[in-house]
There are 2 protein chains.
Amino acid sequence: MKIAKKDSINKKITLTDVADLAGVSAITVSRVINQPEKVSDALRTQVQKAIDSLGYIPNQHASSLASSRSRVIGVAIPSLSNIVFTDVLRGIYEVMGQAGYKVLLVDTHYSPLEEERMIRTLLSQSPEGLIITGGDQTKACQQFLQKARIPIVQIMELLPDPIDMNVGFSHTKAGYDVTAHLLAQGYERIGFIGARMDPRVQQRMQGYKSALEQAGKYEKNYIATTPEPSSVCAGGELFKSVMALTNGTLDAIFCANDDLALGALFEAQRMNINVPKDLAICGFNDTEAAAYVNPSLTSVYVGRYEMGVKAAEMIIRVLEEHDIESKHVDMGYIIRERASTQRLA
Amino acid sequence: MKIAKKDSINKKITLTDVADLAGVSAITVSRVINQPEKVSDALRTQVQKAIDSLGYIPNQHASSLASSRSRVIGVAIPSLSNIVFTDVLRGIYEVMGQAGYKVLLVDTHYSPLEEERMIRTLLSQSPEGLIITGGDQTKACQQFLQKARIPIVQIMELLPDPIDMNVGFSHTKAGYDVTAHLLAQGYERIGFIGARMDPRVQQRMQGYKSALEQAGKYEKNYIATTPEPSSVCAGGELFKSVMALTNGTLDAIFCANDDLALGALFEAQRMNINVPKDLAICGFNDTEAAAYVNPSLTSVYVGRYEMGVKAAEMIIRVLEEHDIESKHVDMGYIIRERASTQRLA
DNA sequence: TTGTATGCGTTATCAG
DNA sequence: CTGATAACGCATACAA
C-alpha cells in the first residue's frame with residue numbers, strides 16, 4: 001500500500017512539490033535556483049516563496065546525475081594531524097568554498113595502497129577535479145587517474161613527471177640550501193634527524209647529504225631517523241640518539257620539521273647544551289612556536305596556504321576553460337634565519 | 001548526430017557496459033558489487049573480470065538517487081587550523097572510513113551564519129548523518145536540521161538542549177576546576193588570557209570567574225582577551241597586557257589554550273620572570289609541545305580523537321538501527337599537573 | 001519567458 | 001539465482 005502522495009510526514013520535498021505549490025512546472029523551479037535571470041520577476045518571487053515555505057533543499061545527487069556536474073572536488077592528503085597539510089587544506093577550502101565547490105577529503109595515511117582505495121572512492125563521486133599529494137601513486141592508481149579525464153593537481157613537491165598539473169617546491173633543494181647555509185655560518189659537524197620518512201622528508205635528507213658530501217663533511221652517523229610519526233617527543237629522542245652516536249660532537253642539527261626541532265631544543269636545554277653557542281638547531285616549515293621559542297628557531301618558510309589556494313585556482317581555471325599560465329608551479333621557500341643558528345660572535 | 005555508442009573515447013563506463021561485456025544484466029553487476037553473496041560463483045568471477053578489465057568505477061550519484069543511501073556523513077567544524085578540531089576529525093575519519101562512509105567536511109569559520117549556509121550545502125548531499133560543532137546554530141539552521149530526520153551529533157561541549165545526540169565535556173566545569181586547582185596550590189592572584197572567545201573559551205572563562213568569585217579573589221583586570229584567533233604570538237601579547245594591567249602582581253595565569261600558554265611562557269622567559277617560582281602558567285588541551293617545553297606546562301587533557309570516534313560510532317549505531325547506550329556522552333577531562341604550576345617548595 | 005519529453009546510472013520490486 | 005521494468009529527482013534539448 002502506498003502512503004498518501006503529498007502530506008506523508010517523512011517524504012522529502014522535491015522540485016515537483018515546489019512546482020506544484022507555486023503552480024509552475026518543475027523546470028521553472030530549477031531555473032529559479034540555477035539561472036534566476038532567465039525567469040520573470042513575478043514567477044521568481046512566487047517560486048522562491050514556495051521554496052522557502054517548504055524548506056526545499058535541492059538533491060545534489062539527482063542534479064549531478066542529470067547534469068553530470070557534481071561541483072565536487074576530491075582532495076587526498078596523507079595525514080590530518082600534520083599542520084603542513086591542514087594549512088594547505090585551508091587554502092583549498094577557502095577558494096573552493098568561494099567558487100561553490102564542495103570538497104571531499106580523504107586521508108591516505110601516507111600509504112600508496114590506501115591512497116589508491118581512497119582515490120577510487122573519490123572518483124566514484126564524480127569529482128570535477130582532484131588535488132592529491134605527491135607523486136607516489138601506485139601504477140593502478142595512475143591509470144584510472146589518467147582515464148578520469150578531469151583536472152588533477154599534485155601538490156607539495158615538484159614532480160619530474162606529473163600526471164597533469166603540479167604545485168610545490170623542491171624539498172631536495174631546500175634541504176641542500178639549509179645545509180649549505182649552516183656550513184656558511186661556520187658549522188662543521190651537522191647532524192640530521194627525521195621522522196616518518198615520507199618521500200618529502202627523504203628528499204630533504206638527500207639535499208642535506210649532497211651538501212655535506214660536496215663539502216667533504218658527510219658522516220653516516222650524523223643521521224638519526226625513525227619511521228614513526230613526527231612529534232616533539234620524537235625530536236627529543238632522536239636528538240639524544242644522534243648525540244649519543246656522535247659522542248656529542250655535533251655542532252649543528254638540521255631537523256626535518258619544526259616539531260622535531262622543538263623537541264631537540266627542549267632536550268638540549270635539559271642537557272644543559274647551550275643553543276646556539278654549543279649547538280645550532282634548524283627546523284623546517286616555519287611554524288609559529290618555532291619562531292617564538294627561546295632561542296627562536298631558524299626554519300624554512302613555505303607558503304602552504306598559498307599552495308592550497310594556487311592548486312584550487314588552477315583547477316577552477318581549467319574547469320571554467322580559461323587558460324592557465326603554467327601547469328607546473330614552483331612555490332619556492334625562504335630560509336628564516338633566527339637565533340638558533342647564530343653563533344654568539 | 002550521435003557518437004558511436006560503445007567505443008567513443010570520452011564515454012564513462014557504466015554498469016550497462018560491464019553487463020554487456022559480461023553477458024549478464026545490469027542488475028547482476030550491481031549485485032556483484034553490493035551483495036556478492038547473492039550471485040553464483042561463476043557469474044561473479046565473470047562479472048568481476050569485466051569490471052576490472054573496463055576499470056569500472058560505480059557512479060555514486062546514481063546509486064544514491066536510486067537507493068536513497070548516500071553513504072555520506074556531513075561534518076561541520078569552525079576551523080581547520082586548530083588542532084583541537086583536526087584531532088576530532090581524525091577520530092571521525094578513522095571510524096567512518098572503516099565503516100565505508102565518506103566524510104563531507106565544511107569549515108564554518110566560527111560563524112553561525114556561515115554554518116547555516118554550510119549545513120545547507122551538506123544537506124543537499126543527502127548525508128545519512130551529521131556531526132556539527134557546539135550548539136550555536138541559528139534558528140533557521142535548527143529548523144531544517146530537525147526536518148532532516150537523520151542522526152545528528154553535536155560535539156565539543158555539553159549542551160543543555162541538544163538537537164539530537166551530544167558528545168563533549170563541560171568547559172565551564174573544566175575552567176572552574178583548573179582555577180580551583182591553582183587556588184589549592186596556594187596561588188592567589190590568578191589571571192586569565194583568552195583569544196577568539198568562541199563559546200567554549202567563554203565557558204572556560206566563566207568557570208574561572210566562578211571559582212575566583214567563590215574564593216573572593218576575583219578582579220576584573222586579571223583578565224585579558226582578544227577576538228583574534230589564538231596563537232603563540234597572541235599569547236605573548238595578552239600576557240604582556242595582563243601583566244601591565246596588574247602591574248605584574250599576578251602569581252598565576254590560566255591560559256585558554258596551550259598556544260596562548262606557550263606564548264605566555266616564552267614571553268615570561270624573555271622578561272626574566274621565573275616560571276613557576278614567580279609565576280604559574282596553566283594551559284588547556286594538553287598538546288605535545290606544552291608537555292615537553294621547559295618547564296613543562298600544566299594543562300587539561302581532553303580525549304579529542306576519542307570524542308570524534310565516539311560521535312562517529314553513535315551515528316553508525318543509529319544508522320544500523322542498533323540501540324545506543326545514551327544519546328548524551330560526557331567525555332570528561334583530566335588536569336595534567338606539571339612543573340609550570342608547582343611552586344619550588 | 002515557460003513548458004514537454006526524455007534520459008542520467010543505479011537500485012527496488014516483483015517475476016521467473 | 002537471475003532478469004525485466006519502473007522509479008529516484010533533476011536538467012538538457014527542444015518546442016511553444
Side-chain angles (χ1 to χ4, degrees), chain A residues 1-3 5-6 8 10-48 50-51 54 56-72 123-126 128, chain B residues 1-3 5-6 8 10-47 50-51 54-72 123-126 128:
Chain A
M1 188 199 82
K2 253 195 174 171
I3 307 177
K5 356 178 178 173
K6 279 191 161 184
S8 99
N10 274 311
K11 200 79 201 87
K12 263 172 211 152
I13 289 133
T14 73
L15 207 54
T16 315
D17 297 331
V18 178
D20 288 352
L21 180 63
V24 299
S25 74
I27 187 64
T28 300
V29 180
S30 171
R31 288 203 185 99
V32 169
I33 293 167
N34 300 308
Q35 331 173 14
E37 70 282 2
K38 292 201 167 181
V39 177
S40 66
D41 284 11
L43 272 195
R44 187 166 357 122
T45 53
Q46 185 177 333
V47 168
Q48 189 58 54
I51 291 179
L54 289 176
Y56 169 66
I57 294 185
N59 181 326
Q60 268 303 322
H61 297 297
S63 171
S64 302
L65 188 57
S67 67
S68 51
R69 293 218 53 190
S70 64
R71 291 249 150 208
V72 165
L123 252 20
S124 76
Q125 298 292 118
S126 324
E128 295 184 36
Chain B
M1 188 200 81
K2 254 196 177 172
I3 307 178
K5 357 179 176 171
K6 280 192 163 184
S8 99
N10 274 311
K11 199 80 200 93
K12 263 172 212 151
I13 289 135
T14 73
L15 207 55
T16 315
D17 296 331
V18 177
D20 288 352
L21 179 63
V24 299
S25 74
I27 189 67
T28 300
V29 180
S30 172
R31 288 205 185 96
V32 169
I33 294 169
N34 300 309
Q35 330 173 16
E37 70 283 0
K38 293 202 165 182
V39 177
S40 66
D41 284 11
L43 272 195
R44 190 173 346 130
T45 53
Q46 184 177 333
V47 168
I51 290 179
L54 288 176
Y56 169 66
I57 294 185
N59 181 326
Q60 268 302 324
H61 297 298
S63 171
S64 302
L65 187 57
S67 67
S68 49
R69 292 218 52 189
S70 65
R71 292 247 151 211
V72 166
L123 252 20
S124 75
Q125 299 292 119
S126 327
E128 296 184 34

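By convention in this document, chain letters (A, B, ...) are assigned in the order of the sequence lines, proteins followed by strands, and residues within each chain are numbered from 1.
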Locate the shortest heavy-atom distance separating [X] from [Y]; write the atom from each residue and the value.
X      : Y     : result
B/S126 : B/S70 : O-OG, 2.5 Å
B/L65  : A/N59 : CD1-ND2, 4.2 Å
B/Q46  : B/A22 : NE2-O, 2.7 Å

Just to confirm, is there a sub-4.0 Å distance from OP1 or OP2 of [N] to any side-chain nitrogen or oxygen of [X]?
X     : N      : result
A/S25 : C/dG3  : yes
B/S63 : C/dT11 : yes
B/N34 : C/dT11 : yes
A/T16 : D/dC10 : no
A/S30 : D/dA11 : yes

Please determine, for the side chain of [X], which listed nucleotide ([options]) has the closest atom?
X     : options               : answer
A/S40 : C/dT1, C/dA12, D/dC8  : C/dT1
B/V24 : D/dC10, D/dG3, C/dG3  : D/dG3
B/N59 : C/dT4, C/dT10, C/dT2  : C/dT10
B/A66 : D/dG3, C/dG3, C/dT10  : C/dT10
B/V39 : D/dT2, C/dT2, D/dC10  : D/dT2
B/L65 : C/dT2, C/dG9, D/dA4   : C/dG9
B/T14 : C/dT10, C/dC14, C/dG7 : C/dT10

Interatomic distance where [atom1] belongs to [X] and [atom2] belongs to [N] [whole Å]:
X     : N      : atom1 : atom2 : value
B/R31 : C/dA12 : CZ    : P     : 10 Å
A/H61 : C/dT11 : NE2   : P     : 13 Å
A/D17 : D/dC8  : CG    : C1'   : 13 Å
B/K12 : C/dC8  : NZ    : P     : 13 Å
B/R71 : C/dT11 : CZ    : C1'   : 14 Å
A/I13 : D/dC10 : CD1   : C1'   : 16 Å
A/I27 : D/dC14 : CD1   : P     : 14 Å
B/E37 : D/dT2  : CD    : P     : 12 Å

Across the strands shown, which category fits [X] at heavy-atom distances under 4.0 angstrom: base, sugar-phosphate, nothing?
X     : value
B/R69 : nothing
A/S68 : nothing
A/Q60 : nothing
A/L15 : sugar-phosphate

Salt bridge present between A/R69 and A/E128 (N-O < 4.0 angstrom): yes

Expected output: side-chain B/D20 to main-chain B/D17 donor-acceptor under 3.5 Å: no

Backbone N/O of B/R31 and side chain of B/N34: donor-acceptor pair under 3.5 Å: no

